[in-house]
There are 2 protein chains.
Amino acid sequence: MLRIGEVAARSGVSVRALRYYEEQGLLAAPRSPSGQRRYPEDAVDRVHFIQLLYAAGLTSKDVLELLPCVHTGTATPAMMARLLEQRDRIDGQIAELTRARERLDEVIRVGREHVVADAS
Amino acid sequence: MLRIGEVAARSGVSVRALRYYEEQGLLAAPRSPSGQRRYPEDAVDRVHFIQLLYAAGLTSKDVLELLPCVHTGTATPAMMARLLEQRDRIDGQIAELTRARERLDEVIRVGREHVVADAS
DNA sequence: CTTGCCTCTGACGTCAACGTCAGGTCCTAG
DNA sequence: CTAGGACCTGACGTTGACGTCAGAGGCAAG
C-alpha cells in the first residue's frame, strides 16, 4: 500500500491532483486507521491512464463515465456510444492538429528562405 | 470592408472573440469615422488561422509571437526557433492523442464482447 | 520526547478564452 | 423621424484542473 506522496512521485502528478481525482470519483483511496490515503500498487497505472485521457481532451466527467467500462471490461450500450463518440472526437482532433502542423511547416519552409536579423 | 458581425458570421467565431483578438494584438481592426471596426476581406482567413493555432494548443501569446512571421514571410532566428518548438510540441501532442486513441480502441474491442444491459 | 517530514481538511487563488450584462451610440429601412 | 437591430466600451462571470496557504494531526528516527 502506497502513501499519496509515493504515488505522486511514481506517476509524475502532484499530491493535489491525486486528491482532486478522488474528489471527482476517478481514483478510490482507501484510508489507514488514522485517515491517511493508502493506494494499491496499480493506482500508478490508473493515474497514467487518467492523464492520457486528460491529454486527449476529456473532462473529469467524461473520464468518470468511461472508467467503469475500462476497469470491468464490460460496457452498456450507452457506454459504447460514449466510447465511440470520444474516439471520433480524438480522430477529429488529430486531423486538426495535423492541419496545423502542415501550415506551420509551410511557414517554416518559407521562413527559412527569408531569415532576417533579430530585432534585439 | 466588413463589419464585425459579418466577420463573425463568415468565420464562425463570436463577436466577443474578435474583440478579444484585437485586444490581444492578433487582429488589427481599423475604425470607421464613427469608431466602428471595419475589417478587410482577408480578416476571415486570419481568424481561421488563429483558430487553427488555438486548436493546436497555442496561447494568444504564442500566436502573437508567430503571426508577424506568418504574414510577412520572413523570420528572425528567434522566431524560427519558436516555430520549430511549436511544431515539435504539436508532433508530441499528436503522438499522445494517437496513444489515447489506441487505448480507447482497445477498450472498445474488449467492450464489444461484453455488452451488458443498461443500468436503469 | 521532540524534531522534522508527510499527511489531513477546508478554502481561496489562478489562468485563458471568451460569455454576458449594462448603458449608451450608430445606422438604415420604412 | 423613429423603431430596432448592430455596434461601442467597460467590467464582472464562467469553467476546469489544479496551485497554494493555513492550521492541525500522524509517524519514524534519534
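Below, chain A is the first sequence line, B the second, and so on; all start at residue 1.
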If only side-chain N and O atoms of A:Y21 are considered, is one of them under 4.0 Å from the OP1 or OP2 phosphate oxygen of D:dC18? yes
Between C:dC8 (P) and A:E23 (CD): distance, integer Å: 13 Å
A:Q24 CD to D:dA17 P: how many Å, rounded? 7 Å
So, for B:V7 and B:V47, which heavy atoms are closest and what is the spacing to 0.1 Å? CG1-CG2, 4.4 Å
N/O donor-acceptor pair under 3.5 Å between B:D105 side chain and B:E102 backbone: no
Is it the case that the side chain of A:D91 and the backbone of A:D88 share a donor-acceptor pair, with hydrogens and angles ignored and the cut-off at 3.5 Å? no
Please give, in whole Å, the distance from C:dA17 P to B:L26 CG? 9 Å
Counting distance only, does the side-chain N/O of A:R31 pair as donor-acceptor with the main-chain N or O of A:A29 below 3.5 Å? yes
A:I4 to A:L18 - nearest heavy-atom pair and separation: O-CD1, 3.5 Å
Candidates D:dG16, C:dT9, C:dC18 - which lies nearest the side chain of A:Y20: D:dG16
Within the 3.5 Å criterion, strictly below it, is a donor on A:R89 or A:Q93 matched to an acceptor on the partner's side chain? yes
Check every atom of C:dT9, C:dC18, D:dA17 against the side chain of B:A17 and return the nucleotide holding the closest atom. C:dC18
Tell me what A:I50 touches on the nucleic acid: a base, only sugar-phosphate, or nothing, going by heavy atoms under 4.0 Å. nothing
Mind checking whether B:L66 and A:V110 sit in one hydrophobic cluster, side chains of I, L, V, M, F, W, Y counted as touching below 4.5 Å? no
Whole-Å distance separating the CG atom of A:L27 from the C1' atom of D:dC18: 15 Å
Counting side-chain heavy atoms from C-beta on, which of D:dG19, D:dC18, C:dC8 comes nearest to A:I4? C:dC8
Side chain of A:R37, heavy atoms from C-beta onward: which of D:dC18, C:dC8, C:dG19 has the nearest atom to it? C:dC8
Measure the distance from CD on A:E6 to P on D:dA28 and round it to the nearest whole Å. 14 Å
Per-nucleotide protein contact along nucleotides 22-30 of chain C, 5' to 3', at a 4.0 Å heavy-atom cut-off (B base, S sugar-phosphate only, - neither), is ----SS---
Where the side chain of A:R19 is concerned, which of D:dG16, D:dC8, C:dC8 is the nearest nucleotide? C:dC8
Nearest-nucleotide check on DNA chain C, A:V15 vs B:V15; residue mapping nearer the 5' end is A:V15
Please find out if less than 6.0 Å separates the ring center of A:Y54 from that of A:Y21. yes
Taking atom C1' of C:dC18 as reference, at what distance in whole Å does atom OH of B:Y54 sit? 9 Å
Could you state the CG-P distance from A:L18 to D:dG19, rounded to the nearest angstrom? 10 Å
Shortest side-chain distance from B:T59, nucleotide among D:dT9, C:dA17, D:dC7: C:dA17
Classify the side chain of A:R16 versus the base of D:dT20 as yes if they form a donor-acceptor pair under 3.5 Å and no if they do not. yes
Distance, rounded to the nearest Å, where B:Q51 contributes CD and C:dA17 contributes C1': 10 Å
